[in-house]
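No hydrogens, no waters, no symmetry mates; every other heavy atom, side chains included, goes into these values. Keep in mind that what you see is a predicted model, and the values were worked out from it rather than measured.
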Amino acid sequence: MLIVAVSLGTAFSVSELLPYVSPERRMRSSRLKREDDVHRSLVGEMLARMFAMGIEGLRNDEIRFEQGVFGKPRLSGIREPWDYNISHSGKWVAGIVSRKGQRVGIDIQKMVAVDLLQARYSLSAEEMEHYHTLQPDAQLHYFYDLWTRKESYLKMEGIGLSVPNRAVFSEQYALKYEQSLLSDQLPDHGFRQYPIDPGYVLTACSTDFRFPEQSLVVRAKDLAEVFLRRCREQEETACNRRDEVTVP
C-alpha cells in the first residue's frame with residue numbers, strides 16, 4: 001500500500017500535461033473556471049496514471065479508466081485485482097493504492113467552520129449527542145475526524161453518495177457508532193490518519209491492515225516533472241521501435 005499527498009503550492013505547466021491525460025479530463029478541465037480546480041483535477045489523474053504505470057507496467061497511452069456501478073473510478077482491463085482512490089481539498093491532493101486483492105479509500109478535508117445544519121446532515125443522532133458535549137474546537141476536530149472516516153469508508157466500498165453520511169457508523173448501517181472512533185481496526189477493514197498539515201484531516205481506509213507508517217509527501221511541480229519525463233521516454237521508446245520495424 002502506498003499513500004501519496006501532493007501539495008499544490010508549486011506551479012506546473014497545464015498545457016504540457018493536457019496531451020497526456022484522457023480526453024474526458026481535458027474536457028472537464030476546460031470547463032473549470034478556477035486555476036486551483038484545474039490543478040487538482042490534473043494532479044488526481046497524474047497520480048492514478050503513475051499508479052497504473054508502476055503496477056501494471058502500462059505505457060501512459062495504454063491506460064484507460066472506467067467507473068463502477070456507483071461511479072468509483074477504476075482502471076480498465078487490469079491483469080491483477082488492485083484498487084486506488086483519489087481525494088482533494090484546498091491545497092492538497094491525496095492518493096492511495098492497494099496491494100493486490102485489497103480495497104482502499106481515502107479522504108482529505110480542509111477544516112473550516114461547521115454550522116449546526118451541516119453537522120445534523122452529516123452526523124447520526126448518536127454522533128450529534130456526543131458533538132454537543134464538546135467545546136467548539138473539539139467539535140471541529142470530531143466532525144472532520146468522523147467525516148473523513150465515513151468518506152474514506154464509502155469510497156473504499158465504492159458506494160459514495162448512495163448512502164447518506166449520517167447513516168454510516170449508525171444502527172441503520174453495517175457499522176455501529178461505538179466502533180467508529182474506539183478502534184482503528186475493525187473486523188474487515190481499518191483506518192489510519194496521516195498528519196500532513198495542521199489545517200487538514202487525511203484518513204485512509206482499507207481491507208488491508210498493513211498501512212504505511214507515513215505518507216509520501218511531494219510537490220505538484222515535482223510530480224508533474226516525473227510524470228512528463230516518463231511519458232516522453234515512453235514515446236521515444238515506442239518511436240524507436242517503430243523505426244526498427246520499418247527499416248528494410
Side-chain angles (χ1 to χ4, degrees), residues 1-5 40 44 47-48 51 67-75 81-90 92-112 114 118-131 139-197 200-215:
M1 188 191 307
L2 174 66
I3 295 171
V4 183
R40 281 188 283 266
L47 276 177
F51 292 155
Q67 292 186 339
V69 175
F70 294 103
K72 182 177 181 178
R74 62 191 181 197
L75 191 67
W82 60 275
D83 194 19
Y84 80 92
N85 197 225
I86 306 293
S87 178
H88 57 73
S89 179
W92 289 95
V93 177
I96 184 172
V97 61
S98 74
R99 293 181 176 90
K100 293 175 182 178
Q102 303 290 341
R103 291 177 291 120
V104 293
I106 197 165
D107 191 56
I108 185 169
Q109 293 293 330
K110 182 179 181 180
M111 290 191 293
V112 297
V114 177
Q118 184 180 2
R120 286 174 175 167
Y121 176 81
S122 305
L123 304 182
S124 69
E126 298 97 329
E127 291 161 351
M128 280 301 300
E129 184 177 346
H130 182 66
Y131 179 85
Q139 284 181 336
L140 188 69
H141 284 84
Y142 176 75
F143 176 86
Y144 282 103
D145 187 15
L146 269 177
W147 176 276
T148 56
R149 285 172 182 258
K150 292 180 178 192
E151 287 289 325
S152 64
Y153 174 77
L154 292 174
K155 292 172 75 178
M156 179 193 72
E157 294 287 11
I159 52 181
L161 297 176
S162 64
V163 175
N165 270 20
R166 63 180 175 272
V168 185
F169 307 146
S170 71
E171 294 293 339
Q172 292 76 35
Y173 201 56
L175 301 176
K176 305 301 183 186
Y177 161 73
E178 60 269 18
Q179 293 178 313
S180 64
L181 288 178
L182 292 179
S183 175
D184 280 337
Q185 185 167 322
L186 302 177
D188 58 354
H189 67 277
F191 295 101
R192 183 70 179 262
Q193 292 189 336
Y194 294 88
I196 61 167
D197 189 315
Y200 291 75
V201 178
L202 170 60
T203 302
C205 182
S206 179
T207 54
D208 184 356
F209 299 118
R210 296 166 293 175
F211 288 94
E213 289 300 316
Q214 295 180 326
S215 61

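Partners of Gln118 according to the side chain to side chain contact (heavy atoms under 4.5 Å, CB included) rule, which considers only residues two or more places apart in sequence or in another chain, are Val114, Asp115, Ser122, Phe143. Checked against side chain to side chain contact (heavy atoms under 4.5 Å, CB included), Pro73 has the following partners two or more places apart in sequence or in another chain: Tyr84. With sequence neighbours excluded, the residues satisfying side chain to side chain contact (heavy atoms under 4.5 Å, CB included) with Ser98 are Trp82, Asp83, Gln102, Val104.
A side-chain donor-acceptor contact under 3.5 Å links Lys155 to the backbone of Ile86. The backbone N or O of Phe191 sits nowhere less than 3.5 Å from a side-chain atom of Tyr153 that would complete a donor-acceptor pair. For Arg210 (side chain) and Arg99 (main-chain N/O), no donor-acceptor pair under 3.5 Å exists by modelled atom type. Not a single donor-acceptor pair under 3.5 Å links the side chain of Ser152 to the backbone N or O of Asp107. In this structure, the side chain of Arg40 engages the main chain of Gly90 through a donor-acceptor pair within 3.5 Å.
Among Arg149, Gln193, Gln109, the single residue meeting the side-chain hydrogen bond (donor to acceptor under 3.5 Å, both in side chains) criterion with Thr203 is Gln193.
Using a 4.5 Å heavy-atom cutoff, the side chains of Met1 and Pro212 are in contact. For the pair Trp92 and Lys110, the minimum side-chain heavy-atom distance is 4.5 Å or more.
The existence of a salt bridge linking Arg103 and Glu157 is confirmed by a sub-4.0 Å separation between a basic side-chain nitrogen and an acidic carboxylate oxygen.
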